[in-house]
Amino acid sequence: MSASFEEVRARLASIRAPGSGENLLAAGLVHGLEVVEGRVAVRLARGHLPPPVFADLVAQVRRELGSVEGVREVAVQAEAEVGAGQAPPAVDSGAIPGVRDVVAVASAKGGVGKSTVAVNLALALAARGLRVGLLDADVYGPSLPIMMGVSGRPRAAGGKIAPLEKYGLQLMSMGFFLDDKSPVIWRGPLVMGLVRQFLRDVRWCDVDVLVIDLPPGTGDAALTLVQQVAVSGGVVVTTPQDVALLDVERGVAMFREVDTPVLGVIENMSFYECPQCGTRDEIFGSGGGARIAERFGVPLLGQIPLVPAIGQSGDAGRPLVAEEPEHPVSRAFAAIAARVVEAVQAARAPAPMVHL
């Protein structure tokens, strides 16, 4: 006995559209459905979904419809949204359209506050009068929507994805395309496709500095990104302990492997200062950032103390640098931003001519 059209349609209605509270039918992503003698053909619109998300959706549709009793074959045809028939532009191992300089923020492992540093560094750069973009490239744990207090879906414009904006920053994150229950279990090739999508298909508008929050570690996603873009410089985030030395060594080695200048090291969670008594406790040791910088011959860009307000402001979607620019931590980020600008300019400047 073959499955009926109504049975198949009902199963489609049970599948939720990524990043939406609606099902596929209500979201308008199903553009055609045929059910003939156990063979099902579905036409799905891609909408504004990045390729990895759409590929995951197609696989889910095949699984769900294939489990309907009486269905013997499922074919899913994808429909492009804008610019159908046009080949996507090749990824240029050079400049990103609309972006002058790219600063990549990396850490060789998670848990060092890399995303907090990236968000507040971007805001500190913007406070200097620069036009700044912030790309959250951590596809497995995107935190930018929460830390910036941004919700909504980016829209397509002229075949490109238009960033969202807040606090004067242009923002892009995988988190904008997911809801709280969306599984993030993509394998390497899909992750690489998403990274390339963000590099190629986002419409950045006259950005002076694009800050990229790289995925933690030095795996394929981080390496692919810095390989495919002319990164002006990399910043490595670490903590004070000596055990972080090996982790930073991997981060520095990753940038140098692709001939990317290392702008310097930022030491996060450097110390805790009691607000009542003024006692300074170096909870995670001391001097690690300076020793790391000296060992690798790169600057120590700054030290960020362990302050509850940093985490609290990020959880509330009200970053400290934007909300309290005179806070000691905000001033520390302002000093770091100044050093980053100087380092980028130095890296961009041509080598002096040698007269023989």
Side-chain angles (χ1 to χ4, degrees), residues 96 99-128 130 132-138 143-144 147 169 207-219 221-223 225-227 229-240 244-245 247-270 288-305 310 319 321 329-330 332-348:
I96 299 176
V99 175
R100 188 185 67 194
D101 288 305
V102 176
V103 173
V105 179
S107 66
K109 65 177 181 181
V112 301
K114 170 184 55 62
S115 295
T116 297
V117 169
V119 166
N120 285 284
L121 173 60
L123 289 165
L125 289 167
R128 296 179 60 82
L130 298 171
V132 180
L134 178 58
L135 169 59
D136 178 6
D138 187 352
S143 56
L144 186 149
M147 298 184 72
L169 303 184
V207 168
D208 295 314
V209 181
L210 175 63
V211 176
I212 301 181
D213 180 10
L214 292 177
T218 54
L223 190 58
L225 195 148
V226 295
Q227 282 176 326
V229 171
V231 178
S232 306
V235 172
V236 181
V237 180
T238 186
T239 49
L245 189 65
D247 297 319
V248 175
E249 184 173 8
R250 287 195 290 264
V252 172
M254 177 189 71
F255 285 125
R256 288 179 173 170
E257 181 179 338
V258 293
D259 296 324
T260 296
V262 180
L263 304 179
V265 173
I266 297 176
E267 184 183 271
N268 197 25
M269 309 180 200
S270 293
R291 288 191 292 273
I292 288 169
E294 182 179 1
R295 170 167 176 173
F296 297 109
V298 297
L300 177 61
L301 296 171
Q303 297 171 298
I304 305 300
I310 300 179
V321 168
V329 171
S330 300
F333 273 109
I336 290 172
R339 296 184 187 110
V340 167
V341 169
E342 292 174 1
V344 168
Q345 292 173 343
R348 193 194 311 132

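Below, all heavy atoms of this structure are taken into account, side chains as well, without hydrogens, waters or symmetry copies. Model, not experiment: these values are computed from the prediction.
Considering every non-hydrogen atom in both Phe255 and Val262, the closest pair reads CB-CG2, 3.8 Å. When all heavy atoms of Met147 and Pro319 are compared, the closest pair comes out as O-CG, 3.4 Å. When every heavy atom of Leu301 is checked against every heavy atom of Arg339, the shortest pair comes out as O-NH1, 2.6 Å. Here the closest heavy-atom approach between residue Val321 and residue Ala124 is recorded as CG1-N, 3.8 Å. Across all non-hydrogen atoms, the minimal contact from Ala343 to Leu263 is CB-CD2, 3.8 Å. Across Val231 and Val102, no two heavy atoms sit closer than the pair CG1-O, 3.5 Å.
Residues passing the side-chain contact (heavy atoms from CB on, under 4.5 Å) test with Ala126 are Val132, Leu169, sequence neighbours excluded. Residues meeting the side chain to side chain donor-acceptor pair (under 3.5 Å) test with Asp136, sequence neighbours left out: Ser173.
One distance of note links CG of Leu125 with CG of Asp101; it measures 10.5 Å at 0.5 Å rounding. For the atom pair CD of Gln303 and CG of Asn268, the computed distance is 10.5 Å after rounding to the nearest 0.5 Å. To the nearest 0.5 Å, atoms CG (Leu135) and CG (Leu144) are separated by 8.5 Å. Interatomic distance, CG of Asn120 versus OG of Ser115, reported as 11.0 Å (0.5 Å rounding). Atom CD1 of Ile310 and atom CD1 of Ile304 lie 6.5 Å apart (nearest 0.5 Å). Between the OG atom in Ser107 and the CD1 atom in Ile266 there is a gap of 11.5 Å [rounded to 0.5 Å].
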Report the C-alpha separation of Val105 and Leu121 in whole Å, then their side-chain angles, then the decisive distance to 0.1 Å, and conclude whether the side chain to side chain contact (heavy atoms under 4.5 Å, CB included) test is met. CA-CA 9 Å; Val105 179; Leu121 173 60; 4.3 Å; yes
Start with the C-alpha gap between Val117 and Val235, add the side-chain angles, then the distance that decides, and say whether side chain to side chain contact (heavy atoms under 4.5 Å, CB included) holds. CA-CA 10 Å; Val117 169; Val235 172; 5.6 Å; no
